[in-house]
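Below is one structure; the comments refer to it alone.
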Number of protein chains: 2
Amino acid sequence: MTEQGPVPPRGGSAPVPRLPEATVARLPVYLRALHELSEDGRRTVSSHELAALVGGGSAKVRKDLSHLGTYGTRGVGYEVTELVGHISGVLGLTQHWSVVLVGVGNLGHALAGYGGFSARGFRVAALIDADPARAGEVIAGQPVRPLAELADAVAETGVSIGVIATPASAAQDVCDRLVAAGVTSILNFAPVVLQVPPGVDLRKVDLAVELQILSFHQHRRAAGAVDAVAEATA
Amino acid sequence: MTEQGPVPPRGGSAPVPRLPEATVARLPVYLRALHELSEDGRRTVSSHELAALVGGGSAKVRKDLSHLGTYGTRGVGYEVTELVGHISGVLGLTQHWSVVLVGVGNLGHALAGYGGFSARGFRVAALIDADPARAGEVIAGQPVRPLAELADAVAETGVSIGVIATPASAAQDVCDRLVAAGVTSILNFAPVVLQVPPGVDLRKVDLAVELQILSFHQHRRAAGAVDAVAEATA
DNA sequence: GTTTGTGAAAGGATTCACAGCA
DNA sequence: TGCTGTGAATCCTTTCACAAAC
């Protein structure tokens with residue numbers, strides 16, 4: 001096991017630091033807030049201000065940013081444009097990513113047209129659907145291609161990120177095909193737990209699960225009114 | 001401050017235990033796996049099996065379930081139908097929840113038609129959109145109503161959960177209106193951090209953020225090949 | 001005065017490891 | 001023998017608090 005020092009500055013062109021997972025999940029949120037500040041013409045921002053914008057504590061913001069090796073100025077704060085560039089670089093957003101989207105049903109259709117992707121540098125480079133009847137249909141400027149062409153599409157467009165928006169029953173098969181085609185990052189919207197080999201990064205978004213979590217809290221509030229009041233007034 | 005014992009059995013009809021947040025987030029996933037097992041005719045399941053289905057460790061599964069006060073049988077495992085009933089009860093899924101969906105653009109349209117909601121007992125009871133041109137349009141059997149009718153719609157249908165699928169610029173206003181109308185649980189899909197008063201439960205799903213997190217790992221893998229290999233073979 | 005950077009403390013969550021029961 | 005339930009240990013995250021820097 002090769003022992004590794006903290007935040008090792010390697011010789012390569014892009015020294016990506018080792019970050020806590022919780023920090024990685026917050027960096028995109030900071031980035032969005034910073035973009036807004038930048039558009040408003042702000043030059044600097046304090047950790048308190050940034051914390052208020054993203055809903056957290058200022059100490060958390062400072063610790064997150066300190067992991068980047070980015071340094072603010074004491075008594076002043078952080079330079080907005082510098083931070084934007086730094087976070088973008090760490091997240092790998094200075095390069096553009098191509099995405100293949102599999103499944104253009106209700107949700108997939110919406111994702112294909114979702115402006116938030118292209119705004120963040122993610123280009124939907126290929127659309128795939130298992131339904132032959134949909135092949136050839138053009139969505140958001142992209143033709144829908146049959147499942148059999150998935151590997152070709154991945155190779156042609158050089159995508160490294162796959163998005164699965166198929167029904168649950170098809171998701172594992174699609175996932176396997178994506179992996180076989182060389183995709184190493186997958187975002188899964190299908191309500192099923194997918195198995196991937198090591199080396200493939202898998203994230204999931206489950207809309208129904210989110211509602212069920214809300215349901216729990218709502219239910220608890222109703223059932224245990226005592227605790228709810230205690231929490232609300234805490 | 002009223003001291004409270006662990007898992008206090010209160011006198012009310014539904015004694016909802018105090019659960020770790022991480023456990024709450026996994027219960028819906030267990031529930032889905034258990035439903036599948038139940039359909040396959042399985043009577044019992046071990047923590048190892050369940051762990052394999054949801055992708056986790058068996059100890060985690062056992063600890064999660066132990067929080068429920070649910071007891072399995074040593075040497076055998078957990079009874080599937082009993083667990084389903086127990087988790088459903090804790091999550092509050094034995095009652096049906098009505099949801100108001102605000103914003104029927106690309107994403108909102110998809111959500112309105114998403115089968116996963118109704119399958120889990122969530123009914124989209126009202127659709128709202130700020131665009132007057134869309135008022136009257138019928139989506140998934142529901143008429144789209146103007147923003148001005150939001151409070152009325154909430155009152156009429158008795159919803160307690162609101163889903164925001166508007167552009168970022170409109171989200172905070174919609175959020176305020178939902179809160180004013182008495183909604184206490186909100187699921188936000190708009191790429192913006194919302195402010196809510198205490199007592200209101202807010203969750204968010206940000207599609208672009210998920211992609212950016214994937215981007216980070218992909219980028220890191222490419223930039224720091226040494227670490228990537230170390231991880232893959234770990 | 002203001003604000004950062006960071007050790008130290010506190011709090012959660014996960015994993016380990018094993019006693020106890022069927 | 002097989003599997004659960006759970007204290008103990010470990011790891012990760014958040015929060016505190018303050019010295020150092022502007």
Side-chain angles (χ1 to χ4, degrees), chain A residues 1 3-7 17-27 29-30 33-34 37 42-80 82-83 86-87 213 216-217 231 234, chain B residues 1 3-7 17-30 34 37 42-80 82-83 86-87 213 216-217 231 234:
Chain A
M1 194 160 289
E3 188 51 59
Q4 194 100 26
V7 190
R18 190 179 298 270
L19 301 179
E21 205 51 43
T23 296
V24 174
R26 280 188 295 265
L27 288 182
V29 185
Y30 295 149
L34 289 166
L37 287 170
R42 291 289 307 276
R43 312 294 301 186
T44 63
V45 63
S46 73
S47 60
H48 285 86
E49 217 172 340
L50 200 44
L53 286 171
V54 305
S58 62
K60 187 152 61 176
V61 171
R62 289 197 300 278
K63 187 140 280 187
D64 281 341
L65 298 184
S66 77
H67 287 302
L68 302 182
T70 300
Y71 294 100
T73 315
R74 295 170 195 231
V76 178
Y78 302 87
E79 231 218 301
V80 173
E82 185 190 310
L83 249 195
H86 209 315
I87 295 179
I213 295 172
F216 168 79
H217 292 296
E231 276 168 28
Chain B
M1 193 162 288
E3 187 51 59
Q4 195 102 27
V7 191
R18 191 178 298 269
L19 301 179
E21 205 51 44
T23 296
V24 173
R26 281 188 294 266
L27 288 181
V29 184
Y30 295 149
L34 289 166
L37 286 170
R42 292 288 308 276
R43 313 294 300 185
T44 64
V45 63
S46 73
S47 61
H48 290 266
E49 218 172 338
L50 200 45
L53 286 171
V54 305
S58 63
K60 187 151 63 174
V61 171
R62 289 198 299 279
K63 187 140 279 187
D64 281 341
L65 297 184
S66 77
H67 287 302
L68 302 182
T70 301
Y71 294 100
T73 316
R74 292 167 196 236
V76 179
Y78 302 86
E79 230 218 303
V80 173
E82 185 189 309
L83 249 195
H86 210 314
I87 294 179
I213 295 172
F216 168 79
H217 292 297
E231 276 167 29

Task: 5′-ward residue of the pair A:Asp64/A:Gly75 relative to DNA chain D - done: A:Asp64
d([atom1], [X]; [atom2], [N]) in whole Å:
| X | N | atom1 | atom2 | result |
| --- | --- | --- | --- | --- |
| A:Leu68 | C:dG5 | CG | C1' | 13 Å |
| B:Leu65 | D:dT6 | CG | P | 12 Å |
| B:Glu21 | C:dT14 | CD | P | 11 Å |
| B:Arg18 | C:dG12 | CZ | P | 11 Å |
| A:Lys60 | C:dG7 | NZ | C1' | 19 Å |
| A:Glu79 | C:dT3 | CD | P | 17 Å |
| B:His67 | C:dG12 | NE2 | P | 12 Å |
| B:Lys63 | C:dA13 | NZ | P | 12 Å |

Open item on the list: Check the phosphate of D:dC22 against A:Tyr71, side-chain N and O only, distance under 4.0 Å to OP1 or OP2. Yes or no?
Closed with: no
Open item on the list: Closest approach to the side chain of B:Arg62, judged atom by atom: which nucleotide of D:dT15, C:dA17, C:dT15 is it?
Closed with: C:dA17
TODO: Give the nucleotide from the list C:dC16, D:dT14, C:dT6 with an atom nearest to the side chain of A:Ser66.
DONE: C:dT6
Task: Closest contact, heavy atoms only, B:Leu37 versus B:Val45 - done: CD1-CG2, 3.6 Å
Task: Where B:His86 and B:Leu68 come nearest, the two heavy atoms and their spacing - done: CE1-O, 3.5 Å
Open item on the list: Near DNA chain C, counting only heavy atoms under 4.0 Å, which residues of residues 42-51 of chain A show up?
Closed with: A:Ser46, A:Ser47
Task: With B:Tyr30, the side chain to side chain contact (heavy atoms under 4.5 Å, CB included) member among B:Val61, B:Leu83, B:Leu53 - done: B:Val61
Open item on the list: side chain to side chain contact (heavy atoms under 4.5 Å, CB included) for B:Ile213 and A:Glu21? Distances and angles first, verdict last.
Closed with: CA-CA 9 Å; B:Ile213 295 172; A:Glu21 205 51 43; 4.3 Å; yes
Supply the atom-to-atom distance [X] [atom1] to [Y] [atom2], rounded to the nearest 0.5 angstrom.
| X | Y | atom1 | atom2 | result |
| --- | --- | --- | --- | --- |
| A:Leu27 | A:His67 | CG | NE2 | 10.0 Å |
| A:Tyr78 | A:Thr73 | OH | OG1 | 9.5 Å |
| B:Arg26 | B:Ile87 | CZ | CD1 | 11.5 Å |

Task: A:Arg74 (side chain) and C:dT3 (base): donor-acceptor pair under 3.5 Å - done: no
- [ ] For B:Gly57, answer base if it contacts any base atom (sugar-phosphate contacts may also be present), sugar-phosphate if it contacts only those atoms, and nothing otherwise; contact means non-hydrogen atoms under 4.0 Å.
- [x] nothing
